[in-house]
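First the structure, in the form of structure tokens, and then the observations on it.
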Amino acid sequence: MKRFTIFRYAATVSLLALLVLACRDRTIPVSSANTPSPDTLNLLQAEPPPAKAFKNQWTPELEKEFQQRAKEVIKYYAGKKYGNTYGENEKASYPNAMFDFLDGNREKAIAFLENEDNQAKDNAHTEGIDYYYSFTLKGQIRKYFFFGKFLDPTYKQRMFLGAKKWTQQDPNGRPHPIYGKGRGGDGWGPEVRGSWVDGRNTDNLRAMREISVYLMAEETGNEDVRQLYKKRIQRYVWALYHIGMGEWDSENYHGHTLAAYLNLYDFAKDPEVEMLGKAALDWLCAAGALKYYHGGFGGPSKRDYGNSNVVYGSSAARLLWLYFGDNSLPNPKPERDSIHVVTSSYRPPLAVVALARKQFKKPIELLSTKPVYENWKPGGEDKPGYWETTFFGNSYQLGSVVAEFSDGDVGTFKLMAENSQRGMDYFVANTGGDRLKPGKNKGDQIGQYRNLLIWLRAASNQPFYFQIPKTAVSEIEDGIWFFKFEKTWLAVHPINLNNYTKIAIKGKKLEELYRDEVMLKATPKAHQYVGFTLEVGDKITSSYASFKESVKKKSKLDVSQIVSGTVQLKGVNGNNLKITHNSQNELPTIVRNGVKYDWFKNYDLYKVTEENNPISLGWKQGKMRVEAGGFVFEQTVSSDGKVSF
């Protein structure tokens with residue numbers, strides 16, 4: 001294939017040069033922190049691109065770190081089998097091929113990207129191009145706009161004509177030419193669901209669909225559909241800045257949404273839409289930065305699958321690592337969505353990077369709220385669905401969440417503690433099933449005040465499960481469970497629980513994932529309220545030995561009113577936390593240092609309880625402010641969806 005001859009060059013070529021691959025008749029802008037070499041630019045037959053109108057400046061040092069991590073990702077995927085294009089398998093096969101292209105295996109990669117789709121007959125109405133599945137769409141967009149210059153012109157024209165037909169009217173809900181409205185039942189393909197496009201409405205799938213339809217409508221000149229989808233994207237970005245994200249802080253899906261918005265930022269022509277893309281990415285990176293910790297991802301989360309409680313265990317951590325780093329260990333399984341990160345011109349604000357690296361004054365407590373999952377439905381904008389508390393200690397962060405209802409896929413509580421050898425350690429607790437797994441289970445209610453936490457549930461035979469690292473020292477003294485991590489100390493008062501026993505981790509995959517962790521089980525011993533309290537200390541404020549002695553002498557657990565579901569804990573430093581179990585709904589009554597906490601007067605998306613304030617975003621105020629590492633970033637999305645910064 002002669003058209004590739006002039007593009008051959010060493011596989012170790014600078015990734016920044018790849019960011020200037022032409023898309024249509026324009027090139028993709030890059031960060032101004034570095035400039036590709038003239039030789040590389042000549043090889044690519046491209047000129048240095050104009051600067052993007054809206055971008056976050058980075059330092060050369062950060063860009064160098066990013067490029068090194070990006071090279072590691074390309075090396076990891078180089079030469080792997082691509083897979084196929086059946087169903088939505090392109091979510092893996094397209095990134096695999098694109099990474100192989102970046103590593104220098106161009107002819108093979110492009111041949112695969114141009115290959116006839118496995119279900120071309122189903123897509124005859126769009127020139128055989130699969131514009132149905134959301135995960136496929138995300139890859140199709142980057143294939144067309146970023147790798148488009150290297151596609152056969154005939155194939156690229158097919159993509160254009162197919163997209164023009166696809167966006168002639170709103171494809172979502174439009175009866176499929178073959179399957180109509182679908183037969184119904186299990187499955188997500190057009191034969192089951194009908195429609196010209198995947199209609200699922202999780203945040204990540206919705207973002208992939210709406211952004212892809214918008215960009216292709218813009219590209220092909222279908223203005224009515226472009227305007228329709230611009231409004232839908234506006235509403236979503238408005239929601240991020242005013243009420244929050246329905247699929248909040250998901251350890252599994254956060255990166256999928258972020259990757260979709262990278263497409264919007266990189267390829268939208270309308271400056272207002274480009275700004276919307278940037279605003280969404282800034283928010284998503286800030287939200288992720290709060291939960292990212294030395295390669296881990298922790299605290300409460302929606303759509304938590306329970307496979308993330310180790311360093312690099314979560315999809316979100318493995319993707320955000322490209323931006324935030326802060327762990328010297330290699331990423332064992334970089335996310336495939338990294339293809340969008342390494343080929344994008346977007347970089348998070350410097351203040352957000354510093355936020356991820358926790359470069360702000362500690363200790364500090366952050367209060368935040370999250371909306372209900374489908375927040376666009378009637379009533380979804382009226383009030384938060386969840387209230388979260390996070391405490392950032394000197395060597396750890398502790399987070400918990402409450403709501404008026406139980407929720408099967410919410411991770412309710414996690415502590416992440418710094419570890420110099422592997423980045424960080426987890427302490428996790430939960431009830432339900434026969435092992436530690438996520439879920440805000442019915443009857444479980446948590447109160448937290450800074451480094452103090454109380455977990456209480458009504459009488460039941462359901463055990464509590466705990467996860468600690470194998471390196472932790474475990475001791476029981478005066479009925480208190482002490483756990484010594486590298487720099488962080490934990491004191492647990494069991495409430496009507498028998499002492500814990502070690503249990504095996506069942507399942508080959510889980511055994512491998514948690515090979516350096518220990519699972520503990522504690523069973524109830526009385527037909528009363530059961531649970532535990534937690535107090536956390538750290539190496540900066542005390543030694544482990546002095547922490548233990550202080551807890552035994554100064555901490556006070558008051559269970560005199562436990563029959564009525566009330567427990568109180570006084571910490572070493574004099575702080576008091578009191579919880580009363582709520583039998584009417586799942587929202588407990590919490591008293592912090594004698595002051596009853598009113599959930600319904602605290603709606604802010606992010607609010608710090610003291611002067612030092614690394615992040616703030618009021619309920620329906622639209623103005624996010626991040627201050628960390630000596631940097632300040634502010635951005636506003638108005639009530640009508642307009643972005644300013």
Side-chain angles (χ1 to χ4, degrees), residues 290-294 296 298-299 326 354-367 389-400 413-429 446-455 466 468-469 471-493 532-558 568-578 592-595 608-615 628-629:
L290 286 167
K291 298 296 175 70
Y292 184 89
Y293 194 67
H294 299 296
D326 210 25
L355 184 69
R357 297 179 175 185
K358 306 303 179 283
Q359 294 170 356
F360 51 84
K361 187 178 179 181
K362 298 178 286 288
I364 195 170
E365 182 183 60
L366 176 70
L367 305 176
T389 304
T390 303
F391 183 69
F392 298 94
N394 294 302
S395 61
Y396 66 93
Q397 64 183 70
L398 166 67
S400 63
F413 158 85
K414 290 179 188 178
L415 179 144
M416 299 185 292
E418 189 177 331
N419 183 300
S420 61
Q421 299 302 307
R422 63 175 184 174
M424 45 77 62
D425 295 318
Y426 279 92
F427 176 68
V428 189
I446 301 174
Q448 182 182 342
Y449 178 39
R450 298 180 69 83
N451 67 323
L452 303 178
L453 181 141
I454 304 174
W455 188 319
F466 303 87
I468 61 172
T471 54
V473 175
S474 306
E475 301 176 304
I476 301 177
E477 297 183 11
D478 294 355
I480 305 169
W481 305 346
F482 290 101
F483 300 105
K484 179 187 178 184
F485 289 23
E486 183 185 43
K487 303 175 183 179
T488 306
W489 333 130
L490 280 59
V492 175
H493 286 87
F532 67 93
T533 72
L534 172 66
E535 183 170 5
V536 189
D538 58 65
K539 191 174 184 178
I540 291 179
T541 55
S542 69
S543 68
Y544 174 64
S546 63
F547 173 76
K548 283 200 304 180
E549 289 305 307
S550 295
V551 169
K552 288 187 286 186
K553 293 179 180 178
K554 297 180 180 180
S555 286
K556 301 295 181 183
L557 173 62
D558 183 354
Q568 186 167 339
L569 175 67
K570 179 183 178 181
V572 168
N573 60 7
N575 285 335
N576 277 275
L577 174 64
K578 181 179 179 181
R592 297 152 46 103
N593 273 1
V595 180
V608 171
T609 57
E610 45 248 281
E611 290 183 4
N612 179 40
N613 195 349
I615 185 169

Original post:
Backbone N or O of His294 within a donor-acceptor pair of the Glu418 side chain at under 3.5 Å?
Top reply: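 Such a contact is absent between Glu418 side chain and His294 backbone.
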**OP:** Spell out, as yes or no, whether a donor-acceptor pair under 3.5 Å connects the side chain of Glu535 to the backbone of Ser555.
**Re:**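 No; judged by distance alone, with no hydrogens or angles, the pair does not exist.
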With rounding to the nearest 0.5 Å, note down the distance linking [atom1] in [X] to [atom2] in [Y].
X	Y	atom1	atom2	answer
Tyr292	Lys358	OH	NZ	9.0 Å
Leu569	Thr533	CG	OG1	4.5 Å
Asn394	Ile540	CG	CD1	4.0 Å
Lys487	Asp538	NZ	CG	10.5 Å
Ile615	Leu290	CD1	CG	4.5 Å
Asp478	His493	CG	NE2	9.0 Å

Is there side-chain contact between [X] and [Y], with heavy atoms separated by less than 4.5 Å?
X	Y	result
Lys414	Tyr293	no
Asn576	Gln568	yes
Ser400	Trp455	no
Ile446	Leu453	yes
Val536	Leu415	yes
Trp489	Lys539	yes
Phe483	Asp425	no
Pro363	Asn451	no

Closest heavy-atom contact between [X] and [Y]?
X	Y	result
Arg450	Thr609	NH1-OG1, 4.5 Å
Leu355	Pro614	CD1-CB, 3.9 Å
Gly537	Phe547	N-CE1, 3.6 Å
Phe391	Ile364	CD1-O, 3.4 Å
Lys556	Lys553	NZ-O, 3.7 Å
Asn612	Lys361	ND2-O, 2.7 Å

Got more than 12 heavy atoms from elsewhere within 6.0 Å of [atom1], [X]?
X	atom1	answer
Lys570	NZ	no
Glu611	CD	no
Lys552	NZ	yes

**OP:** Specify whether Phe427 and Phe485 have parallel, tilted or perpendicular ring planes, treating 30° as the upper limit for parallel and 60° as the lower limit for perpendicular.
**Re:**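 Judged by the thresholds at 30° and 60°, the geometry between Phe427 and Phe485 is perpendicular.
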Original post:
Is any side-chain N of the basic residue among Arg592 and Glu365 closer than 4.0 Å to the acidic one's carboxylate O?
Top reply: yes
**OP:** Give a yes-or-no answer on whether the side chains of Ser420 and Glu486 include a donor-acceptor pair shorter than 3.5 Å.
**Re:**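 Note: Ser420 and Glu486 side chains meet the donor-acceptor criterion.
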Original post:
With distance as the sole criterion, is a donor-acceptor pair present between the side chains of Tyr449 and Asn593 under 3.5 Å?
Top reply: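 The answer is yes; a qualifying pair exists.
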Original post:
Can you check side-chain contact (heavy atoms from CB on, under 4.5 Å) on Phe413 and Leu398, steps first, answer last?
Top reply: CA-CA 8 Å; Phe413 158 85; Leu398 166 67; 3.3 Å; yes
Original post:
Any chance the rings of Trp481 and Phe466 have centres within less than 6.0 Å?
Top reply: yes
Original post:
Strictly under 6.0 Å, is that where the ring centroids of Phe360 and Phe392 end up?
Top reply: yes
Subject >> Val551: which of Ile480, Leu490, Val492 passes side-chain contact (heavy atoms from CB on, under 4.5 Å) >> reply: Ile480
